[in-house]
**Q** 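A single structure is presented below for examination.
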Amino acid sequence: MAYLKVERDDQVVQITITRQEKLNAMNLAVMDEFISILDGLEKDSSRVIIITGDGTKAFSAGADIEYMSSIGPSDAEKYALRGHEVLNKIEKLEKPVIAAVNGYALGGGCELALSCDLRFASPNAYLGQPEVTLGICPGWGGTQRLLRIIGPARAKDLIFSGRKITAEEAFSMGLINKIFSSENLISETRSYAKTISKNSSFAIGVSKMLVNKGTDANLDTGLKLEIYSWAVCFSTKDREERMRKFVEKKL
Ligand code: CO8
């Protein structure tokens with residue numbers, strides 16, 4: 001892989017965008033690498049995925065502006081579709097994905113983080129959707145995912161102004177789950193990932209699907225889906241063993 005570094009530690013996989021000289025901006029090659037890695041993660045034994053950017057300055061400064069400056073609507077549509085393919089795969093992966101936001105997460109970089117289940121950040125992180133300053137609207141799901149995570153009024157503020165917000169402001173909006181010092185961001189994220197990797201991966205995958213589906217479903221539909229999924233959990237050996245261990249005071 002030319003742009004993405006993959007490190008495995010037990011069942012935690014860390015994917016790092018290594019295009020530091022361009023603040024980890026994502027060109028088509030980065031997208032293609034993401035797709036091939038995510039396809040592999042769907043089937044392997046990994047339990048939690050961490051996505052971060054190389055260095056201390058940027059998670060990702062977004063889509064590649066130099067590339068975008070040279071293309072027309074047809075290539076732009078292909079670029080957008082490729083981005084959506086990556087972010088939809090992250091969202092649909094039946095494993096938790098955590099964005100460790102170690103600096104700028106702007107435009108497509110912020111959208112990448114939005115497709116993850118959780119976002120942990122260092123204090124020097126800045127998040128934003130500055131697309132309108134470049135004459136485009138957010139194109140990798142920013143309008144839709146931001147709206148669902150922080151609500152329409154806050155999403156419109158960020159999108160219309162294109163302003164960059166600090167990790168602290170993002171935390172106050174519920175856009176960031178936790179803030180760790182720059183030195184500890186990765187180790188704390190890994191430690192959190194290891195803790196949740198001990199829980200039932202089937203139950204976590206089902207819970208992720210339920211929360212995601214519930215975002216767009218009415219309450220009655222979401223609750224029905226939960227009842228059936230809950231019952232399905234009773235068909236796994238894993239559930240049997242975990243409950244038996246609890247009863248035997250061994251969990
Ligand atoms: N694309 C390409 N190169 C970039 C990008 C980018 N998004 N961001 C930074 N770079 C490059 C710079 O050009 C520079 O390269 P070089 O050294 O070769 O000149 C290098 O990275 C370092 O950047 P700066 O010198 O600008 O670093 P500063 O510390 O001065 O500034 C900033 C840091 C504030 C983050 C600044 O780089 C910046 O504003 N970057 C652009 C951020 C941005 O606007 N991102 C949104 C892009 S649009 C987008 O993501 C759309 C997503 C949806 C796409 C849908 C598909 C059609």
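Both counts, for ligands and for their atoms, begin at 1 and track the order of listing. Hydrogens, waters and symmetry mates are skipped; everything else that's a heavy atom, side chains included, is used.
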**Q** Measuring to protein heavy atoms, does anything land under 4.0 Å from atom 39 (O) of ligand 1?
**A**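 False for atom 39 (O) of ligand 1.
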**Q** So, 4.0 Å and heavy atoms of A76: is ligand 1 close enough to count as a contact?
**A**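 Flag set, A76 near ligand 1.
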**Q** Is atom 42 (C) of ligand 1 near the protein, in the sense that some protein heavy atom lies at less than 4.0 Å from it?
**A**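 Under 4.0 Å from atom 42 (C) of ligand 1, at least one protein heavy atom found.
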**Q** Would you call R163 and D157 a salt bridge, using N to O less than 4.0 angstrom?
**A**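 Salt bridge: yes.
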**Q** Consider ligand 1: state whether an atom of it lies below 4.0 angstrom from any non-hydrogen atom of M68.
**A**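 Contact present.
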**Q** Are the side chain of D54 and the backbone of T16 linked by a donor-acceptor contact shorter than 3.5 Å?
**A**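 Looks like no, no N/O pair under 3.5 Å.
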**Q** Considering only non-hydrogen protein atoms, determine which one is nearest to atom 20 (C) of ligand 1 and report residue, atom name and distance to 0.1 Å.
**A**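 In this structure, atom 20 (C) of ligand 1 has E21 O, 3.3 Å as its nearest protein heavy atom.
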**Q** Could you find the nearest protein heavy atom to atom 22 (C) of ligand 1 and give me its residue, atom name and distance?
**A**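 Result for atom 22 (C) of ligand 1: L23 CG, 3.8 Å.
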**Q** Please check atom 13 (O) of ligand 1 for a protein heavy-atom neighbour under 4.0 Å.
**A**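 No, because not a single protein heavy atom sits under 4.0 Å from atom 13 (O) of ligand 1.
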**Q** If you count heavy atoms of other groups shown closer than 6.0 angstrom to CD of E248, is the number above 12?
**A**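 Counting neighbours around CD of E248, more than 12 heavy atoms of other residues, nucleotides or ligands fall under 6.0 Å, so yes.
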**Q** So, taking the atom named CD1 in I165 and the one named CD1 in I176, what distance separates them when rounded to the nearest 0.5 Å?
**A**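 CD1 of I176 is found 8.0 Å from CD1 of I165.
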**Q** Between E131 and G139, which heavy-atom pair has the shortest distance, and what is it?
**A**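 Smallest interatomic distance, heavy atoms only, reads OE2-N, 4.4 Å.
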**Q** Among all protein heavy atoms, pick the one closest to atom 44 (O) of ligand 1 and tell me residue, atom and distance.
**A**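 The answer is P130 CG, 3.5 Å.
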**Q** Enumerate the atoms of ligand 1 whose separation from the nearest heavy atom of Y79 is less than 4.0 angstrom.
**A**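 Checking each atom against Y79, I get 56 (C), 57 (C).
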**Q** Are E241 and K237 within salt-bridge range, i.e. N to O under 4.0 Å?
**A**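 The answer is no: the pair does not qualify as a salt bridge.
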**Q** Protein heavy atoms: any of them under 4.0 Å from atom 25 (O) of ligand 1?
**A**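 When distances to the protein are checked, atom 25 (O) of ligand 1 has no heavy atom within 4.0 Å.
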**Q** Considering only protein heavy atoms, which is closest to atom 56 (C) of ligand 1, and at what distance to one decimal place?
**A**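 Heavy-atom neighbour on the protein nearest atom 56 (C) of ligand 1: W140 NE1, 3.5 Å.
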**Q** Below 3.5 Å, N or O to N or O, backbone or side chain included: is there any such pair between I136 and ligand 1?
**A**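 No, no N or O pair falls under 3.5 Å.
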**Q** Under 4.0 Å, heavy atoms only, figure out whether ligand 1 is touched by the backbone of T133, its side chain, both or neither.
**A**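 Within the 4.0 Å criterion, T133 makes no contact with ligand 1.
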**Q** Should the pair E188-K178 be classified as a salt bridge under the 4.0 Å nitrogen-to-oxygen rule?
**A**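 Looking at K178 together with E188, the answer is no, because their closest N to O distance does not fall below 4.0 Å.
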**Q** Which heavy atom of S60 sits nearest to which heavy atom of I17, and what is that distance?
**A**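 Minimum heavy-atom contact is CB-CD1, 4.2 Å.
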**Q** Tell me whether the count of non-hydrogen atoms from other residues, nucleotides or ligands lying under 6.0 Å of CD in E42 goes above 12.
**A**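 It does: E42 CD has more than 12 such atoms within range.
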**Q** Near L134, which atoms of ligand 1 are under 4.0 Å from a heavy atom of that residue?
**A**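 Checking each atom against L134, I get 44 (O), 47 (C), 48 (S).
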**Q** For atom 54 (C) of ligand 1, state whether the nearest protein heavy atom is under 4.0 Å away.
**A**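 At least one protein heavy atom is under 4.0 Å away.
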**Q** How long is the gap from OG on S200 to CG on D238, to the nearest 0.5 Å?
**A**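 Spacing of OG (S200) from CG (D238) equals 4.0 Å.
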**Q** What protein heavy atom sits nearest atom 8 (N) of ligand 1, and how far away is it?
**A**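 That would be A61 CB, 3.4 Å.
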**Q** Is atom 30 (O) of ligand 1 less than 4.0 angstrom from at least one protein heavy atom?
**A**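 There is no protein heavy atom less than 4.0 Å from atom 30 (O) of ligand 1.
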**Q** Quick one: does G83 get a heavy atom under 4.0 Å from ligand 1?
**A**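 It does not; every heavy atom stays at 4.0 Å or beyond.
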**Q** Do any nitrogen or oxygen atoms of G108 lie less than 3.5 angstrom from nitrogen or oxygen atoms of ligand 1?
**A**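 Right, the criterion is met.
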**Q** Return yes or no for this condition: an N or O of I65 is under 3.5 Å from an N or O of ligand 1.
**A**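 By distance alone, the answer is yes.
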**Q** Would you mind checking which non-hydrogen protein atom is closest to atom 34 (C) of ligand 1, with the distance to 0.1 Å?
**A**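 For atom 34 (C) of ligand 1, the nearest protein heavy atom comes out as K164 CE, 3.8 Å.
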**Q** Going by distance only, is there an N or O of K22 that falls short of 3.5 Å from an N or O of ligand 1?
**A**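 By distance alone, the answer is yes.
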**Q** Do L112 and F59 have side-chain heavy atoms sitting under 4.5 Å apart?
**A**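 Sidechains of F59 and L112: in contact.
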**Q** Which of the numbered atoms in ligand 1 are below 4.0 angstrom from a heavy atom of K57?
**A**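 The atoms of ligand 1 under 4.0 Å from a heavy atom of K57 are 27 (O), 28 (P), 29 (O).
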**Q** Is it true that D9 and K194 make a salt bridge, defined as a side-chain N closer than 4.0 Å to a carboxylate O?
**A**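 Looking at D9 and K194, the cut-off is met.
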**Q** Does G139, backbone or side chain, put an N or O under 3.5 Å from an N or O of ligand 1?
**A**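 There is no such contact.
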**Q** Could you tell me whether D10 and K198 have a side-chain N and a carboxylate O separated by less than 4.0 Å?
**A**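 Looking at K198 together with D10, the answer is no, because their closest N to O distance does not fall below 4.0 Å.
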